[in-house]
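Heads up, the thing below is written out as structure tokens.
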There are 2 protein chains.
Amino acid sequence: MRMSELSATTGTPVPTLKFYLREGLLPAGERTSPNQSQYDETHVARVRLVRALLDVGGLSVAQASAVVGALDDDSVPLSTTFGIAQRAVTQPAAPAASRGDGAQRIAALCARQGWNVHPYNPGLTMAARVIDTYSALGVELITDAVLEQYAQAADLVAAADLEAVASAHDEAQMTSVVVVGTVLGDALFAGLRRIAQETESFRRYPLPEGTPAPGDLYNPEES
Amino acid sequence: MRMSELSATTGTPVPTLKFYLREGLLPAGERTSPNQSQYDETHVARVRLVRALLDVGGLSVAQASAVVGALDDDSVPLSTTFGIAQRAVTQPAAPAASRGDGAQRIAALCARQGWNVHPYNPGLTMAARVIDTYSALGVELITDAVLEQYAQAADLVAAADLEAVASAHDEAQMTSVVVVGTVLGDALFAGLRRIAQETESFRRYPLPEGTPAPGDLYNPEES
DNA sequence: ATGAGATGGATACTAACACTATCGATAGTG
DNA sequence: CACTATCGATAGTGTTAGTATCCATCTCAT
């Protein structure tokens with residue numbers, strides 16, 4: 001398969017493919033002559049993966065590059081692949097930026113949940129930062145009860161994630177599922193959360209008669 | 001309070017504040033003369049909110065602008081504020097882009113979960129798109145069982161979200177909690193999910209003796 | 001075999017985004 | 001009354017994610 005065919009198959013312009021080659025997102029094809037290369041199905045899959053990470057997962061090119069780098073490195077045991085994928089997709093927060101009690105609250109939550117996690121896990125910083133941000137905004141409604149309910153939900157999702165990983169056919173697919181799932185799972189859950197929020201919102205606060213439905217606020221002037 | 005003091009209090013440079021004023025992220029102060037304005041605590045809070053949306057929530061300036069716009073518009077009933085916040089923070093996906101069965105699967109999931117949601121809810125598109133993306137990547141491991149576990153988790157989180165909203169002191173704070181919670185909740189859950197994933201991963205796949213711990217893969221050369 | 005079109009590699013350019021800097025006219029302050 | 005601060009406008013900067021152009025091959029249909 002030549003580059004134009006790779007472009008046609010994936011719907012990605014040739015200059016963009018060249019860009020991905022330059023950035024290391026896409027491995028070079030097999031060179032058949034000094035300026036000819038052959039691409040195959042793995043390249044098609046890789047381009048689709050990259051587009052998924054960028055478009056759906058919202059990663060930057062640099063982050064996506066780190067992710068596919070982890071995918072290509074099969075020397076890493078599966079147990080640690082999560083960490084690599086997580087670190088790749090989680091932007092490193094300013095380390096000493098959080099001077100709130102977020103870190104302690106998250107640590108206490110981990111203890112209550114029986115979570116045993118490495119201190120470098122980026123989720124710790126991420127969650128602590130959010131807690132601190134709530135405090136800084138004066139929103140003190142994120143009680144430990146709320147936090148624990150989030151934690152239970154996280155346990156549920158993590159169990160589902162690992163279940164999906166476990167049902168993979170081989171080690172290579174497992175790794176791929178881990179990496180893809182880490183990124184796409186965030187988006188999937190965010191979408192479901194929005195649906196559940198709306199349902200729960202109407203359950204608690206039914207619209208009075210005659211009030212415009214929320215869908216009527218859909219702004220068609222944006223299109 | 002003058003602009004320099006607002007800048008000092010929030011740790012945001014004066015030119016940036018001017019930029020936020022231009023972009024409508026920050027309302028103008030009370031003008032005391034043609035070129036003097038007074039700012040108050042509401043401006044301090046607003047700047048902190050904007051920084052939280054941008055830095056922690058990862059929103060763009062345009063998205064943050066839409067969010068604070070929804071905050072400022074108190075003519076909207078609370079029941080629909082979620083929808084506005086959601087639409088503001090969810091990038092509109094290409095509408096006809098998904099030709100997979102993601103939309104049907106999500107619709108079926110909603111039916112099973114008893115979710116009653118407006119068709120314009122951005123979570124529907126978002127989740128459907130993720131499902132389609134999994135399919136396009138050849139990862140067929142997101143079974144309905146996995147999806148349902150995600151949905152249960154989403155219910156849990158949504159209930160916690162609405163619980164937090166319900167405990168707000170007044171309508172204004174409620175709206176604020178809705179908007180902030182929609183954005184920060186995604187980040188909070190993502191962090192907790194990473195922690196739960198690592199815990200669950202080690203539970204299922206314990207490291208063999210002598211294998212480097214995942215934290216040892218923490219790459220200090222990045223700093 | 002030969003000319004139209006594609007390819008690889010290099011370089012340069014562009015649009016969008018989030019600031020950042022400068023300017024000129026005025027306003028408040030010691 | 002010097003001096004800094006402010007407002008509003010305009011312009012410039014650095015980063016990101018591509019696009020575009022060139023050119024010396026290379027391929028393939030005639």
Side-chain angles (χ1 to χ4, degrees), chain A residues 1-40 43-44 46-68 88-89 91-92 94 222, chain B residues 1-40 43 46-47 49-68 88-89 91-92 94 222:
Chain A
M1 172 182 320
R2 305 236 296 277
M3 182 175 274
S4 62
E5 195 178 346
L6 181 60
S7 165
T9 309
T10 62
T12 307
V14 169
T16 302
L17 294 178
K18 289 184 171 187
F19 171 68
Y20 290 165
L21 282 171
R22 285 201 300 279
E23 297 296 315
L25 290 175
L26 182 63
E30 194 182 356
R31 279 167 302 289
T32 59
S33 25
N35 66 342
Q36 293 296 110
S37 290
Q38 281 293 316
Y39 304 94
D40 56 22
H43 293 89
V44 174
R46 171 58 59 88
V47 171
R48 282 206 245 265
L49 170 64
V50 167
R51 296 235 65 110
L53 295 178
L54 297 183
D55 298 345
V56 181
L59 299 201
S60 70
V61 165
Q63 289 170 322
S65 176
V67 169
V68 301
V89 307
Q91 80 288 4
E222 277 191 359
Chain B
M1 169 181 323
R2 307 236 297 277
M3 183 174 274
S4 61
E5 195 178 347
L6 182 59
S7 165
T9 309
T10 61
T12 308
V14 170
T16 302
L17 294 177
K18 288 184 172 187
F19 171 69
Y20 290 165
L21 283 170
R22 285 202 298 279
E23 297 296 315
L25 290 175
L26 182 64
E30 195 181 355
R31 280 168 301 290
T32 59
S33 26
N35 66 343
Q36 295 295 110
S37 289
Q38 283 292 316
Y39 304 94
D40 56 23
H43 293 89
R46 171 58 58 89
V47 171
L49 170 64
V50 167
R51 296 236 64 113
L53 295 179
L54 297 183
D55 297 345
V56 182
L59 299 200
S60 71
V61 166
Q63 289 169 324
S65 176
V67 169
V68 301
V89 307
Q91 81 287 6
E222 275 191 2

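A note on names: the letters A, B, ... follow the listed sequences, proteins ahead of strands, and every chain is numbered from 1. The structure presented is a predicted model; accordingly, all values stated were derived computationally and were not measured.
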Assign a letter to each nucleotide of nucleotides 25-30 of chain C from its 5' end: B, base within under 4.0 Å of a protein heavy atom; S, sugar-phosphate only; -, no contact.
BBSS--

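Taken together, the paired segments of DNA chain D that extend over three or more consecutive Watson-Crick or G-U pairs, each closer than 3.5 Å at both contacts, are C:1-30 with D:1-30.
Residues satisfying the salt bridge (Lys or Arg N to Asp or Glu O under 4.0 Å) criterion with A:Arg48, sequence neighbours excluded, are absent altogether. Annotation: ring-ring contact (aromatic ring centres under 6.0 Å, His included) contacts of A:Phe19 (sequence neighbours excluded): none. Checked against side-chain hydrogen bond (donor to acceptor under 3.5 Å, both in side chains), B:Asn35 has no partners two or more places apart in sequence or in another chain. Residues passing the side-chain hydrogen bond (donor to acceptor under 3.5 Å, both in side chains) test with B:Thr16, sequence neighbours excluded: none. Residues meeting the side-chain hydrogen bond (donor to acceptor under 3.5 Å, both in side chains) test with B:Ser7, sequence neighbours left out: none. Checked against side-chain hydrogen bond (donor to acceptor under 3.5 Å, both in side chains), B:Ser37 has no partners two or more places apart in sequence or in another chain.
Checking the phosphate oxygens (OP1, OP2) of C:dT7, no side-chain nitrogen or oxygen of A:Tyr39 falls inside 4.0 Å.
With a 4.5 Å cut-off on side-chain heavy atoms, A:Met3 and A:Tyr39 count as touching. Here the side chains of A:Tyr20 and A:Val50 are in contact, with some heavy-atom distance below 4.5 Å.
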I'd like a table of donor-acceptor pairs (distance under 3.5 Å, sequence neighbours excluded) in which one partner is a side-chain atom from residues 22-32 of chain B, with atom names and distances.
none

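The nearest whole Å value for the distance from the CZ atom in B:Arg31 to the C1' atom in D:dG8 is 12 Å.
Using a distance-only test at 3.5 Å, with no hydrogens or angles considered, no donor-acceptor pair links the side chain of B:Ser65 to the main chain of B:Val61.
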What's the verdict on side-chain contact (heavy atoms from CB on, under 4.5 Å) for B:Leu6 and B:Thr10, showing C-alpha distance, side-chain angles and the deciding distance?
CA-CA 6 Å; B:Leu6 182 59; B:Thr10 61; 4.1 Å; yes

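Of the residues in residues 14-29 of chain B, B:Pro15, B:Thr16, B:Phe19, B:Tyr20, B:Arg22 come within less than 4.0 Å of DNA chain C through at least one heavy atom, sorted by number. Within residues 51-59 of chain A, the residues having any heavy atom closer than 4.0 Å to DNA chain D are, in order of number, A:Arg51, A:Leu54.
Distance CG/A:Leu49 to NE2/A:His43: 13.0 Å, rounded to 0.5 Å.
Under the salt bridge (charged side-chain N to carboxylate O under 4.0 Å, His left out) criterion, the residue pairs touching residues 50-63 of chain B are B:Arg51-B:Asp55, with sequence neighbours excluded.
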